[in-house]
Amino acid sequence: MRKGLSRKNNQGESLNLAIFASGNGSNFAALIKAVREKKIKVKLVVLVCDKPEAFVVKRAQKAKVAVILVKREDFPSRLDFEAAIIQRLKNYKIDLIALAGFMRLLSPDFVKRYRNRIMNIHPSLLPVFKGAQAIRDALSARADSTGVTVHFVDEEIDHGPVILQEKIKIRSKDTLASLEKRIHLLEHKLYPQAIKLFYSGKIKFS
Ligand code: GRF
């Protein structure tokens, strides 16, 4: 366990969580609900979003969560884009970053800066079905099952130490919509659980 985090938890303080998202934000909403219902002891302090028109921005505004909007097109390079995020995150004293449908690959420098403090949720049982079409790919492959993975982010896409995984059976009648619905419900259950494992000191880092 990272020394700083266990120390903070021992003092009974809650962690400051940033969520990075680019789209609908159903996981963002599920995490807000978990915080409100005191299922997880974190403060959701900021949303980082690269798409001003994304629905997740509206969700954050409604929930009165601060939003950092950063469009990649406004910066000459990925490093400049990330430097702007890092600079603005400094105001929030972040302990943990949860990626929830953030459609940008983070640079090795960014990953190193927040090593073992960036989680991602992915709609498959990694390492199978990586990438943006994981649910569709599992259906097209006629797989018997798929699932959800929460993992720490490393330098590779959809890769890094697994925190939690849960399997879902694919039914013969499943359509993309029906399978997506079950996967999202499972995501909304697993992400809060993974965050709880993180601050409870139950994850061992090598
Ligand atoms: C989820 O399926 C998540 O696993 C993937 O992106 C999707 C985000 O969905 N990384 P939402 O925006 O939280 O509804």
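Keep in mind that what you see is a predicted model, and the values were worked out from it rather than measured. For reference, positions follow the sequence shown, starting with 1. As the structure lists them, so they are numbered: ligands from 1, and atoms in each ligand from 1.
- The protein atom (non-hydrogen) at minimum distance from atom 9 (O) of ligand 1 is N27 ND2, 3.8 Å.
- Ligand 1 has at least one atom lying under 4.0 Å from a heavy atom of G25.
- Scanning the protein heavy atoms around atom 10 (N) of ligand 1, the nearest turns out to be I121 O, 2.9 Å.
- Taking the side chain as every heavy atom from C-beta outward, L164 and H151 never approach each other to under 4.5 Å.
- Atom 7 (C) of ligand 1 has G101 CA, 4.2 Å as its closest protein atom, hydrogens excluded (heavy atom only).
- The nearest heavy-atom contact from the protein to atom 14 (O) of ligand 1 is S26 OG, 2.6 Å.
- For H184, the heavy-atom gap to ligand 1 drops under 4.0 angstrom.
- With contacts defined as side-chain heavy-atom distances shorter than 4.5 Å, the pair K58/K62 does not qualify.
- The aromatic rings of H184 and H188 sit parallel to each other, their planes meeting at less than 30°, with 60° as the upper class boundary.
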Problem set entry | Test log, rule side chain to side chain donor-acceptor pair (under 3.5 Å), inputs S77 and D80 | CA-CA 5 Å; S77 70; D80 292 309; 2.7 Å; yes
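- A heavy-atom distance below 4.5 Å is found between the side chains of V46 and I94.
- In this structure, Y199 contributes its side chain and L15 its backbone to no donor-acceptor pair below 3.5 Å.
- Short contacts between ligand 1 and H122, defined as distances under 4.0 Å to a heavy atom of the residue, involve ligand atoms 4 (O).
- Atom 4 (O) of ligand 1 has its closest protein heavy atom at E187 OE2, 2.4 Å.
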